[in-house]
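Report on the structure given below.
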Amino acid sequence: MHVKKAFDYFQPDCIAVELSEDLNDSFLHAASRLPDITLIKTSSLYYLAEPCDASFEALRLALESGLPSYCIDLHVDNYPLFNEALPDPYAISILGLEKYYTAYIQSQPVKHPLDRSRELHMARRLKELSCLYERVLFIAGFHHSEAVLAALDQNSFPLDEVNGQRPFTSQKIPRDASKLPEFEKEKPKTQVTIATLTEDSCRKVMAEYGWISQAYEEWRGSSDIELDRQQLILSLYKKSSDNYTKNTGNPFLGYHLRNTMKFARNYSLQQNRLLPGLFELLSCAKGCVDHNYAYEVWELATSYPFRKNIDNLQELDLSVEDIWGHSKPIYFHLKQRQTKGLHFQRRQKDRGGKKPFSPPSPFFLCSYPPEDLQVENFGDFLKKKGTRLLSEEQAHSIPFSTSLEEGLDVKETVRHWHEKKLYVRKREKPPQAASSVVIIFDEDSPEEKDLYNEKFPWKTSWQGEHSQESDMAFYATSLQQNIIGPGISRCEYGGFMLTSPPRRLQDVWTDPDYERCKNKGEVLLRAAIDYALKPLIILVAKKPPTSKIRGIAQRYGKKIVYLPLGSLSPIMLNKIRSFHALDGHDKREIAGDYIF
């Protein structure tokens, strides 16, 4: 921003920048492609050309204005990376550039032995340019500017100090510009590659993230726009909140923004900065709202619409480590919106002429009510047991201070008797309730894939008949396998799933969302996650759920509580496992004579 202001104010005749002279043509090519991103790659260095880089912005201004521009720095390989204790650059907008620069100079930055050669080389080139042009705008970093300006007062530049260049004396320069010798340009010693970045790499490695670069481009094209980094961060959070509400359906309340901005301020002060960087912005969004909001902030902050690559340069997919070295990763554990609705999609009533009433089919299947009641009670028992187990896992013992919490922990007190302290049980936030239960008695085996030898071929979904009954999906033995009475069949569950409230469950066995499930038990567990309205799912099985299934549940904001099948009463399990199917409600009157 200050480069453009200086350019508009001084109206220079030429521009000089602190970039390697050997790569002058490559840098000019990169500047001509702005605001598109360009990467200049040598054997040991990467140069990233982007709009907010002061040197490339200066070259870009020169190209747009038809002015000559020069890269005048000495080409140096393996120059170390300095981490200086600079004041936050945002202070420039408050103090002004002059006071900020004065504070930097007073900090006495550490110099490298190569700095002397680089600074004398740039001073020599500036001396030559001053003979050609009346006003030369020199863009350099604070680290070298003071020494370069001091060296301009020299009348000669000795051979050994200018890294092998011929001696230079200002008195020998002819005042006629046409007789001035051209800059001595050596061919690059290493191969130079000009490329661009992929979209994913561009999000990760840009020195200034896309939201700020876009704002700078808008400010550059219109002098009416005010460019304030603090306001840009606020607008980023506000815009991300709109996307968060739209994509997740969760409300973004007023205190969310207030807490996030306050956290960002305190986080910055802890790191001796005035404003946070992108990593801090995302960390604050995760901590004050959730991972989904942090992802929306990242998505918006790193988007860069000016990546066009109209000249078809090679696109490189580079990591942060390739460009900047070691970095701190940040991960998003996203919670997805529940895809299953609360009710079926109902047809609109036809209020036309009267139509004949069609009686139900005589082969209408239904369950036996006493068994339904037994299953429902057992499902409620599992919900309470799973919730209690999770609550106990979250409880821990702490030394007694001011409150007895959940009561005295005798075991921990005896164990720490030598400390002469009392220990009490403390429970964390009580777990929320469960609305789905899955019981897997028998998993599919590879030989059961054969339809003719399948042990549990009957797969169906039932809806609850009243508000006190859950919807059920199950796989079981064949209806024709064990007929015990007229229209009455004894079957055996391989596994079933209960979910409440009722009247919501569709046929999970024909649902395309579960086509890639490995077995029937996984279908039931995936359906339990989708249809659960409360965050806990109780799973009773021989094996715990896989990490993949746990990850799916986590994305939907759910948690699977696993209960081993062997931890429950085998007598109760045997009662639950067998059930009877009736081919009509009229069979319920006689079913008691055949069921025992």
Side-chain angles (χ1 to χ4, degrees), residues 1-10 12 14-21 23 27 31 45-62 69-76 78-127 129-130 135-154 161 206-208 212-213 216 227-229 268 271-275 277 323-325:
M1 181 174 70
H2 290 280
V3 170
K4 190 174 187 306
K5 288 182 178 180
F7 181 85
D8 294 338
Y9 179 79
F10 291 108
C14 84
I15 289 180
V17 297
E18 185 190 321
L19 288 174
S20 173
E21 184 178 337
L23 304 176
F27 291 142
L45 294 173
Y46 288 102
Y47 295 91
L48 193 60
E50 52 184 276
C52 292
D53 186 282
S55 297
F56 285 102
E57 172 62 9
L59 295 178
R60 180 185 181 186
L61 289 169
S69 57
Y70 302 93
C71 301
I72 63 172
D73 196 5
L74 187 67
H75 186 78
V76 177
N78 301 321
Y79 189 80
L81 179 64
F82 285 98
N83 292 319
E84 297 177 309
L86 282 170
D88 194 322
Y90 183 69
I92 297 176
S93 61
I94 302 173
L95 302 176
L97 186 59
E98 182 179 355
K99 291 183 178 180
Y100 184 87
Y101 176 72
T102 303
Y104 171 79
I105 295 300
Q106 291 175 351
S107 66
Q108 297 179 349
V110 179
K111 289 287 186 176
H112 189 270
L114 289 173
D115 289 339
R116 176 65 177 171
S117 298
R118 292 181 59 194
E119 289 159 0
L120 287 175
H121 187 87
M122 288 188 281
R124 177 191 174 198
R125 293 309 191 203
L126 284 177
K127 199 84 169 182
L129 289 174
S130 65
R135 293 185 299 275
V136 180
L137 179 61
F138 177 45
I139 307 299
F142 286 173
H143 191 73
H144 300 291
S145 57
E146 187 84 4
V148 171
L149 294 176
L152 280 175
D153 296 333
Q154 296 183 203
E161 288 190 298
M206 286 181 65
E208 196 65 83
I212 302 296
S213 297
Y216 176 74
L227 197 61
D228 183 272
R229 196 180 189 90
S268 303
Q271 298 183 329
N272 297 320
R273 295 174 57 90
L274 295 178
L275 293 179
I323 302 291
W324 305 105

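We count residues from 1, following the sequence as given.
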*Between G141 and E18, what is the shortest heavy-atom contact and its length?*
N-OE1, 2.9 Å
*Spacing of S117 atom OG and M122 atom CE [to the nearest 0.5 Å]*: 10.5 Å
*Do E208 and Y216 get their side chains close enough for a donor-acceptor pair, meaning under 3.5 Å?*
no
*For residues V136 and L129, report the shortest heavy-atom separation together with the two atoms involved.*
CG2-O, 4.0 Å
_Approximate separation, where rounding is to 0.5 Å, of R273 CZ and S268 OG_ = 7.0 Å
*asked:* Side chains of L59 and L19, heavy atoms from C-beta outward: is any pair under 4.5 Å?
replied: yes
_Could you report the tightest heavy-atom contact between M206 and S213, atom names first, then the distance?_
CE-OG, 3.7 Å
*Once you round to the nearest 0.5 Å, how far does CG of L97 lie from NZ of K5?*
10.0 Å
*Contact check, side chains of V148 and F138, non-hydrogen atoms, under 4.5 Å*: yes
*Out of R118, R125, R124, which one pairs with E21 under the salt bridge (Lys or Arg N to Asp or Glu O under 4.0 Å) rule?*
R125
_Within this structure, what is the NE2-CD distance for the pair H2 and E57, rounded to the nearest 0.5 Å?_
13.0 Å
*Provide the closest heavy-atom pair for S55 versus V17 in the form atom of the first, atom of the second, distance.*
O-CG1, 3.7 Å
*Determine whether more than 12 heavy atoms belonging to other residues, nucleotides or ligands lie under 6.0 Å from atom CD of Q271.*
yes
*Under 3.5 Å, is there a donor-acceptor pair linking the side chains of Y101 and S145?*
yes
*Go through H143 and D115 one step at a time and tell me if the side-chain contact (heavy atoms from CB on, under 4.5 Å) criterion holds.*
CA-CA 9 Å; H143 191 73; D115 289 339; 3.1 Å; yes
*Working to the nearest 0.5 Å, report the span between CG of L137 and CG of L61.*
9.0 Å
*Please walk me through it: do L48 and D53 pass side-chain contact (heavy atoms from CB on, under 4.5 Å)?*
CA-CA 9 Å; L48 193 60; D53 186 282; over 6 Å; no
*asked:* Within the 4.5 Å heavy-atom criterion, are S93 and R229 side-chain neighbours or not?
replied: no
*Parallel, tilted or perpendicular: which describes the rings of Y47 and F27, with under 30° parallel and over 60° perpendicular?*
perpendicular
*Could you tell me which non-hydrogen atom of A123 sits nearest to which non-hydrogen atom of L152, and how far apart they are?*
O-CD2, 3.3 Å
_Value rounded to 0.5 Å, distance of CG in L120 from CG in L74_ = 10.0 Å
*Can you check whether D228 reaches Y90 side chain to side chain, under 4.5 Å on heavy atoms?*
yes
*Heavy-atom pair with the smallest gap, counting every atom of I72 and A16*: CD1-CB, 3.9 Å
